[in-house]
Amino acid sequence: MAAVREGLPDGRYGRSADARADRTLKIVGAVLGAGLLALIAWFGYDYIAGQDVSGRLTGFKVVADDAVEVRLEITKEKDATGVCTVRTLDEYHDEVGRKDFTFGQHQEDMVKVVTVRTTARATSAELIDCTPVR
């Protein structure tokens, strides 16, 4: 009886087609992963570095049934003009006041106390956004 061969001896005639495909898939995956990480890093840098104006609400005081004083810390470039939006909420979390404040002073960091008029007694205030005027 003759012996039947099932295949070529392992390692004798180079890599099999499956091994080449696995290596190709690993290389393609690594390249795509590196590209995705570079894209995420670029968008993150552009978002952080692109913000010319930023603000932070450091406190508020309800001074009347129709007014709230809000304390804002603004950081911006010296010659930039920024607009910050503040809103006030009542006890049911309904918006009772909203106002945009423009900051164009020639200084980088500033603390401002601004007044927001309300339609009812407010219980809280929040800074929505600060954006540069272009």
Side-chain angles (χ1 to χ4, degrees):
M1 283 209 188
V4 178
R5 295 184 102 187
E6 295 181 14
L8 298 174
D10 290 337
R12 189 164 191 186
Y13 298 103
R15 293 186 177 156
S16 69
D18 289 340
R20 283 191 299 272
D22 288 345
R23 184 169 188 260
T24 302
L25 286 175
K26 287 178 185 177
I27 291 171
V28 169
V31 168
L32 289 177
L36 181 63
L37 283 176
L39 187 65
I40 290 171
W42 172 261
F43 284 132
Y45 173 77
D46 186 52
Y47 176 76
I48 292 171
Q51 288 187 344
D52 299 328
V53 178
S54 65
R56 191 172 77 167
L57 188 139
T58 58
F60 68 93
K61 179 179 174 183
V62 179
V63 294
D65 285 341
D66 64 347
V68 176
E69 286 184 352
V70 179
R71 180 183 167 97
L72 298 173
E73 289 182 4
I74 309 299
T75 303
K76 63 181 188 68
E77 292 179 3
K78 194 169 193 170
D79 295 329
T81 300
V83 175
C84 294
T85 303
V86 177
R87 77 175 183 169
T88 57
L89 306 171
D90 66 5
E91 63 183 322
Y92 303 108
H93 302 286
D94 293 328
E95 185 175 297
V96 293
R98 178 184 288 250
K99 189 163 183 185
D100 293 333
F101 298 98
T102 302
F103 302 99
Q105 293 83 355
H106 292 289
Q107 58 193 55
E108 292 180 4
D109 298 327
M110 65 182 93
V111 176
K112 293 289 185 180
V113 177
V114 294
T115 302
V116 179
R117 295 285 178 200
T118 62
T119 58
R121 185 163 185 84
T123 58
S124 66
E126 62 182 4
L127 178 64
I128 300 296
D129 193 19
C130 287
T131 57
V133 175
R134 300 198 190 257

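Scope of the values below: all heavy atoms of this structure, side chains included, with no hydrogens, waters or symmetry mates.
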Contacts of type side chain to side chain donor-acceptor pair (under 3.5 Å), residue Glu69, not counting sequence neighbours: none

Salt bridge (charged side-chain N to carboxylate O under 4.0 Å, His left out) pairs, two or more places apart, involving residues 29-45: none

Of Val70, Val96, Asp66, the residue whose pairing with Val116 passes side-chain contact (heavy atoms from CB on, under 4.5 Å): Val70

Ile128: hydrophobic cluster co-members (side-chain, 4.5 Å): none

With Thr123 via side chain to side chain donor-acceptor pair (under 3.5 Å) - residues at least two apart: none

All side chain to side chain donor-acceptor pair (under 3.5 Å) counterparts of Thr85, not counting sequence neighbours: Asp100

For Glu91, side chain to side chain donor-acceptor pair (under 3.5 Å) partners two or more places apart: none

Thr88 side-chain N/O to Ala122 backbone N/O, donor-acceptor pair under 3.5 Å: no

Pairs meeting criterion salt bridge (charged side-chain N to carboxylate O under 4.0 Å, His left out) with involvement of residues 109-124, two or more places apart: Asp65-Arg121

Non-hydrogen atoms of Gly55 and Ile74 that approach each other most closely: CA-CD1, 4.2 Å

For Leu36, the rest of its hydrophobic cluster, which grows through side-chain links under 4.5 angstrom: Ile40

Disulfide (SG to SG under 2.5 Å) contacts in which one or both residues fall within residues 77-134, not counting sequence neighbours: Cys84-Cys130

Set of side-chain contact (heavy atoms from CB on, under 4.5 Å) partners for Tyr92, sequence neighbours left out: Asp90, Asp94

Those residues that, when tested against Thr102, pass side-chain contact (heavy atoms from CB on, under 4.5 Å) (two or more places apart): Thr81, Val83

Non-neighbouring partners of Lys61 that pass side-chain contact (heavy atoms from CB on, under 4.5 Å), sequence neighbours left out: Val63

